[in-house]
2 protein chains.
Amino acid sequence: MKPYNKVTSHEVAALAGVSRSAVSRTFTPGASVSVKTREKVENAARKLGYRPNALARSLIVRSTRMIGLVMAEWQNPFYTRMLRQFSERFQAEGYQLLLLTSASDAGVDDAVRRLLQYQVDGLLIVSAKPSEAMAEECERAGTPVVLINRHSPVIRASSVTCDNAQIGRDIFAMLQSAGYRRVALVLGDPGVLTGIERNAAINEAAAAGKDIRVVAEISGCLGYEAGRQAVIDMWKAAERPDAIVCSSDPTALGILDGARLDLKLAVPEELAVVGLGDIPQSSWGAYRLTTVHLPVDEMINLAVEDLLAHLEDPQLEPRPMTARARLVHRDSVRVRPEA
Amino acid sequence: MKPYNKVTSHEVAALAGVSRSAVSRTFTPGASVSVKTREKVENAARKLGYRPNALARSLIVRSTRMIGLVMAEWQNPFYTRMLRQFSERFQAEGYQLLLLTSASDAGVDDAVRRLLQYQVDGLLIVSAKPSEAMAEECERAGTPVVLINRHSPVIRASSVTCDNAQIGRDIFAMLQSAGYRRVALVLGDPGVLTGIERNAAINEAAAAGKDIRVVAEISGCLGYEAGRQAVIDMWKAAERPDAIVCSSDPTALGILDGARLDLKLAVPEELAVVGLGDIPQSSWGAYRLTTVHLPVDEMINLAVEDLLAHLEDPQLEPRPMTARARLVHRDSVRVRPEA
DNA sequence: GCACGGTTTGCAAACGTGTGCAAAACTGCA
DNA sequence: TGCAGTTTTGCACACGTTTGCAAACCGTGC
C-alpha cells in the first residue's frame with residue numbers, strides 16, 4: 001500500500017465538472033477561461049491540493065525554467081556569495097538552480113552532461129570550463145552557457161572575467177613606488193586564470209624595469225594553513241622576499257599571521273603582503289589586508305543579465321565580458337619608501 | 001529557424017534499424033538486450049549525440065532523482081560547508097540538488113511549494129521550517145523531508161540538531177569555574193533555535209546558582225561589524241559584563257576586535273568571549289577564539305543517511321536526531337580565576 | 001426567429017520516455 | 001527437421017501536461 005497520492009488535472013477536472021483543458025487554462029496566466037469555470041476549478045483544486053506537475057509541463061513547452069550551475073571551487077568565500085546571489089536573482093525571475101559540483105575541469109564535462117539530460121534552459125559554470133566537444137554539444141542543444149572566471153577563445157560561450165593583467169600592473173606599480181625590491185608570487189590552484197594572468201603581468205613588468213625582481217614563484221598554495229606554512233618555508237630560502245603577492249585572501253591572511261606571529265616580522269615595514277578577493281575578514285581590524293577587490297556584484301550582474309538575454313533570444317551571440325577590479329589600500333603594504 | 005536539435009530515442013531507433021524500446025533498454029541497466037542490437041544502438045546514439053531526456057523518464061518512473069534544498073541562512077560559513085557536502089554526497093548517489101533560497105521561515109512555504117511542483121524525491125531544509133500545513137502536503141505527496149538545525153514536535157519530519165542545552169550548561173560551567181561573574185548573551189537571528197536554546201539553558205543555570213548573573217541579553221546582532229559595534233555600546237551601559245556569549249563566530253570575532261582594538265581591553269583577563277560554530281577563522285592566530293565546535297560533518301552524515309533511507313523505503317518513520325557539539329578551549333577565555 | 005461576431009469549451013494530438021505482454025527469434029537437443 | 005525452452009523484440013499504452021482547431025455557446029441587432 002503506497003501513499004501515492006499525486007493528484008492530477010484529470011481528477012480536478014472530474015470534481016469541477018469540466019474538461020482537463022479547462023483546468024490547464026486556469027493555471028496558465030493569460031488563457032481564455034470564463035470566471036465561472038475558473039472559480040469551479042480553483043475550488044476543486046484547493047480541495048484536492050492540486051499542484052501542476054512542472055516536469056510534464058516543461059515536456060511540452062520545451063522549457064524547464066531550471067538553470068544548471070556547476071561549481072568547481074568552494075574554498076573561497078567569494079564563490080559562496082556568487083551562489084547565493086545567483087540563486088536569489090534567478091529565483092526572482094522564476095528560475096530554479098540545479099546544482100552540481102565538480103572537482104576540477106576534468107569533472108565538468110560529466111556535470112554538464114547530467115545537466116543537459118535534465119534539459120536545463122541555461123548553464124552557469126564557475127571557475128572551470130568544459131571541453132570543446134562538450135561546449136559544442138551545448139550549442140547544438142541550444143543551451144546558452146556563461147563561464148565565470150574563465151574564458152576560452154575556442155569555446156563559443158559568454159564569459160565574465162576581470163582584467164587580471166591590469167590589476168597585476170597596478171600592484172607592481174604600487175610595490176615599486178613604495179620601494180619594495182624583491183617580490184614573491186604565490187599561486188593557489190594552478191589553472192585558475194585570475195592568478196595566472198595577474199602573475200604573468202607582474203613578471204612582465206618586472207622584466208621590463210630594473211629595480212624590482214621576482215625572487216620566488218610557488219604554486220599550489222591555497223588556504224590559511226598553507227599560507228602560514230609557506231612564508232615560514234620562504235624564510236629558509238637563500239633570498240628572502242620583501243613583498244608577497246598572493247592569489248587568494250585566505251592564503252594571504254595565513255601569510256600575514258605567519259610573518260607576524262611565527263617570524264616576528266613587522267608588516268608592512270619589513271614585508272608587504274597583498275591578497276586577492278577582498279573577503280570580509282580581510283578588512284577586519286586584526287588584519288587590514290591590502291588586497292584587490294574583485295567586483296563580484298558586477299560580475300554576477302553581467303552573468304545574470306547575459307544569461308537572461310540569451311534565454312529570451314536564442315539567436316544572440318555569446319560575448320566575453322570583463323569587469324574592473326580595484327586595488328584596496330589597507331595596512332599590509334606601506335605607501336612610501338622607508339626613510 | 002530555430003536551432004532546435006534535440007535528438008530523441010525515435011531517431012536513434014530509426015538510424016539503428018530497431019524499435020524505440022530497444023534503445024530505451026540499452027540505456028536501462030539490467031534490461032534484456034542482445035549484444036548485437038546494443039552495439040547498433042550505441043553506435044547510432046553516439047553518432048547522433050543522443051542523451052535520454054531525464055524529465056520524460058522521470059515522468060513514468062515516478063522519480064526525478066532530484067532532491068530539493070532550501071537554504072534560509074547564508075551568513076555563516078558553516079552553511080556553505082553543508083551546501084557543498086550535500087551536493088557532493090548526493091551527487092555520488094546519483095541525485096542532483098535543486099536549490100532554492102528563502103529569506104526566512106515565511107518564505108519557506110513558497111520554496112517548498114515550488115520544489116514539490118518539480119516533483120523532487122526528497123527535501124532538505126536548512127535553518128528554517130515549513131508551516132504545519134505545508135509539511136502535511138509533503139507527507140501526502142510522499143516526499144520525505146529532513147530539517148536541519150530546526151525541529152518541531154508538531155511536524156512529521158526528520159530533523160537533525162545538536163544538543164544546545166547541554167552546550168549551554170557546559171559554557172556556564174566553564175565560565176563559572178574561571179571566575180567570571182557577569183555574562184552577556186548576544187543572539188543573532190532571533191528564531192534560530194541553536195542560540196535560543198543555548199541561552200535559555202544558561203539563563204536557567206544562572207538562576208539556579210548565586211555567584212554568576214546574566215547582565216545583558218541582546219538579539220538581532222549578526223556578523224562581524226554588528227558584533228564590533230555591540231561591544232562598544234555595551235561598554236556605555238551601567239553594568240559591564242566580564243563575559244560575552246555569542247551565537248555566531250563572526251559576531252564573536254567582531255566583539256573580540258572591538259574589545260581589544262577599540263576598547264583596549266585585555267582578553268581573556270578582563271573579558272571572556274565565546275562563539276558558536278568554530279569557523280576556520282576562529283582558530284587563526286590573531287583570534288584563537290574559544291567557541292563551540294558544531295559537528296557539521298556528523299550532522300551532514302545523519303541528514304544524508306536518513307534521507308537516503310527514506311528514499312529507499314517510504315514507509316520509514318521520520319525521526320529526530322541530535323549530534324553532540326563540543327566546547328573547544330582556546331585563548332579568549334581564561335581557565336582559572338585571576339590571582 | 002435568425003444570422004453574426006466574439007468568447008469559451010472539449011477533443012485529440014502531441015512531448016519523450018519506460019514497460020507488460022505476447023509474438024518472434026534463437027538455442028540446444030533428440 | 002521438429003520441438004521445447006529461453007531470450008529478444010516490437011506493439012501499444014501509460015505518465016501529466018499544453019494547445020490548435022473546430023464546435024458550442026452567448027448576447028445582440030435586425
Practice prompt. Report yes if at least one side-chain N or O of Tyr118(B) is closer than 4.0 Å to OP1 or OP2 of dG16(D); otherwise report no.
Written response: no
Worksheet entry | Residue pair Leu69(A), Leu83(A): steps toward the side-chain contact (heavy atoms from CB on, under 4.5 Å) verdict | CA-CA 9 Å; Leu69(A) 172 41; Leu83(A) 194 45; 3.3 Å; yes
Fill in: Between the first and last five pairs of the helix from dG1(C)-dC30(D) to dA30(C)-dT1(D), the angle of the axes, rounded to 10 degrees
50°
Item to complete: Give the rounded distance in Å between these two atoms: CZ of Arg62(A) and C1' of dC15(C).
Response: 7 Å
Worksheet item: After noting the C-alpha distance and the side-chain angles of Arg65(A) and Asp121(A), does the key distance pass the salt bridge (Lys or Arg N to Asp or Glu O under 4.0 Å) rule?
Response: CA-CA 6 Å; Arg65(A) 297 199 84 81; Asp121(A) 288 350; 5.8 Å; no
Discussion item. Please determine whether a side-chain nitrogen of the Lys or Arg among Lys47(B) and Glu42(B) lies less than 4.0 Å from a carboxylate oxygen of the Asp or Glu.
Written reply: no
Discussion item. Under a 4.0 Å threshold between the charged nitrogen and the carboxylate oxygen, would Arg89(B) count as salt-bridged to Glu305(B)?
Written reply: yes
Worksheet, complete the sentence: By nearest-heavy-atom nucleotide on DNA chain C, the more 5' of Thr28(B) and Ala56(B) is Ala56(B)
Practice prompt. Report which part of the nucleic acid Thr8(A) touches: base, sugar-phosphate, or nothing (heavy-atom distance under 4.0 Å, all strands).
Written response: sugar-phosphate
Discussion item. Ignoring hydrogens, what is the shortest heavy-atom contact between Thr64(A) and Tyr118(A)? Give both atom names and the distance.
Written reply: CG2-O, 3.9 Å
Practice prompt. Nearest whole angstrom, please: distance from the C1' of dG16(C) to the CG of Leu59(B).
Written response: 9 Å
Item to complete: In whole angstrom, give the distance that lies between atom NE2 of His10(A) and atom P of dA14(D).
Response: 11 Å
Discussion item. Under a plain distance cut-off of 3.5 Å, with no hydrogens placed, do Asn301(B) and Gln85(B) share a side-chain donor-acceptor pair?
Written reply: no
Worksheet entry | Spacing of Phe27(A) atom CZ relative to dT17(D) atom C1', expressed in whole Å | 13 Å
Fill in: Basic-acidic side-chain contact under 4.0 Å: Arg156(B), Glu136(B)
no
Worksheet item: Would you say dG18(C) has OP1 or OP2 under 4.0 Å from some side-chain N or O of Ser24(B)?
Response: yes
Item to complete: Using a 4.0 Å heavy-atom cut-off, write out nucleotides 6-13 of chain C from 5' to 3' as B (base contacted by protein), S (sugar-phosphate only) or - (no contact).
Response: --BBBBBB
Item to complete: Can you tell me the distance, in whole Å, between the CD1 atom of Ile60(B) and the C1' atom of dC15(D)?
Response: 7 Å
Worksheet item: At under 4.0 Å between heavy atoms, what does Tyr50(A) touch on the DNA or RNA strands: base, sugar-phosphate, or nothing?
Response: sugar-phosphate
Worksheet item: Rounding to a whole Å, what distance do you find between Arg57(B):CZ and dG18(C):P?
Response: 5 Å
Discussion item. In this structure, how many angstroms lie between the P atom of dC15(D) and the CD atom of Glu11(A), rounded?
Written reply: 11 Å
Worksheet item: Arg51(B) CZ to dT17(C) P: how many Å, rounded?
Response: 12 Å
Item to complete: Give a yes or no answer on whether the side chain of Arg38(B) reaches the backbone of Thr26(B) with a donor-acceptor pair at less than 3.5 Å.
Response: yes
Worksheet item: Any donor and acceptor pair, going by atom type alone, linking the side chain of His151(B) with main-chain N or O of Thr322(B) inside 3.5 Å?
Response: no
